[in-house]
Amino acid sequence: MGGWAIAVHGGAGVDPNLPAERQEEAKRLLARCLDLGISALRSNLPAIDVVELVVRELETDPLFNSGRGSALTEKGTVEMEASIMDGPKRRCGAVSGLTTGVELVDNEYFITEDNVGMLKLAKEANSILFDYRIPTVGLESCGAGAAATESPLQMNGLLISVYAPETVGCVVVDQEGRCAAATSTGGLMNKMTGRIGDSPMIGAGTYACDLCGVSCTGEGEAIIRGTLAREVAAVMEYKGLGLHEAVDYVIKERLDEGKAGLIAVSKNGEVVCGFNTNGMFRGCATEDGFMEVGIWE
């Protein structure tokens, strides 16, 4: 065994004009969640409990698109989805279309003022906004209007104007070599009611087995088509690739023209972050003292 390792993500695809203060805020949240997970691992908490603990923390903070602060549907409500998987015996669970949470609260609890404003912009543009937290001025300066007419990406027949999803996830391997993964999201801003993405689909957005744990983020339909998370484990098992090679292969060969990213750990204590977007909110740490938080390539 190579010791414990942990990785977290806050979404792949980052607007290049994202304000510096927003970048630093994201890094602080990722570092805080890493510290929470590290403390739990040092206390010998099992991997499955650690990923749950960390993702709950990410869901509580409205910075990323999960839990409180989730994207709003076309009706102005929140419909969340998530999945979790324990590598030993491949036990798993998932939810979709969730509107109240495990600890029951009104749907309004998850709605923020920023999201209400961005939903209005999305409706006016008859579009789906991925990075719904970019200010109006930012939307104009980074060419959102042009993207709405030129972008090849579409969802439910509507053009996607800005590509920067902010799903959250966590993967962990504990001191016993047990892997686990969890992913959570609010989906797309102005999405059709009832839409289901990759996050609650075992094997697509989330997967864990005796070899590795994987959490994905990005263009949901591409992740689903490529069964991206499971594919990492599959090429490790059937092609004999190591974790780094497997992630690199899957990102390059299994996304077609889709855009996505993923975080992964192996039973040997390795940790990898891979993406084909211009950036991904991410952080990782290992038992030997390595720790890194980043956004860009």
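As the structure is a computational prediction, the values presented were derived from the model and not from experiment.
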- Query: Checking S70 side chain against G67 main chain: does a donor-acceptor pair fall under 3.5 Å?
  - Reply: yes
Residue pairs meeting salt bridge (Lys or Arg N to Asp or Glu O under 4.0 Å), one or both in residues 268-297, sequence neighbours left out, come to none
d(L98 CG, F110 CZ) to nearest 0.5 Å is 7.0 Å
Checklist entry - Would you say the side-chain atoms of K191 pair up with the backbone N or O of G186, donor to acceptor, closer than 3.5 Å? => result yes
Nearest heavy-atom contact between V50 and A40 is CG2-CB, 4.0 Å
Side-chain donor/acceptor of E79 to backbone N/O of G194, under 3.5 Å = yes
Using a 4.5 Å side-chain heavy-atom cut-off and chaining through intermediate ILVMFWY residues, the residues clustered with V235 come out as L211, V214, I223, L228, V232, M236, L241, L243, V247, Y249, V250, I251, L255, L262, V272
Basic-acidic side-chain contact under 4.0 Å: R28, E24 = no
Result for side chain to side chain donor-acceptor pair (under 3.5 Å) between T206 and one of S199, S184, S83, S215 points to S83
Check: Short question: side chain of D61, backbone of L63 - any donor-acceptor pair under 3.5 Å?
Finding: yes
Value for CD1 (I38) from CD1 (I6), rounded to nearest 0.5 Å, stands at 6.5 Å
Check this for me: does any side-chain nitrogen of one of E231 and R254 sit under 4.0 Å from a carboxylate oxygen of the other?
yes
One should read off an interatomic distance between Q175 CD and L45 CG, to the nearest 0.5 angstrom, of 11.0 Å
CD of E81 to CG of D198, rounded to nearest 0.5 Å, is 7.5 Å
For this session: State plainly whether the residues R32 and E57 are in salt-bridge range, i.e. N to O under 4.0 Å.
Result: yes
When every non-hydrogen atom of G220 is compared with those of R195, the smallest separation belongs to CA-NH2, 4.5 Å
Residues pairing under salt bridge (Lys or Arg N to Asp or Glu O under 4.0 Å) where one sits in residues 82-101, two or more places apart or in two chains, turn out to be D86-R91
Return yes if some donor-acceptor pair links the side-chain N/O of H9 with the main-chain N/O of G283 below 3.5 Å, else return no. no
(Q) Tell me if a side-chain donor or acceptor on D174 pairs with a main-chain N or O of C179 at a distance below 3.5 Å. (A) no
Heavy atoms of A181 and Y207 approach each other most closely as CB-O, 3.7 Å
What one should report as the nearest heavy-atom pair of Y238 and R230 is OH-NH2, 3.6 Å
Closest non-hydrogen contact found for A71 with M189 is CB-N, 3.5 Å
Closest non-hydrogen contact found for T99 with V78 is CG2-O, 3.5 Å
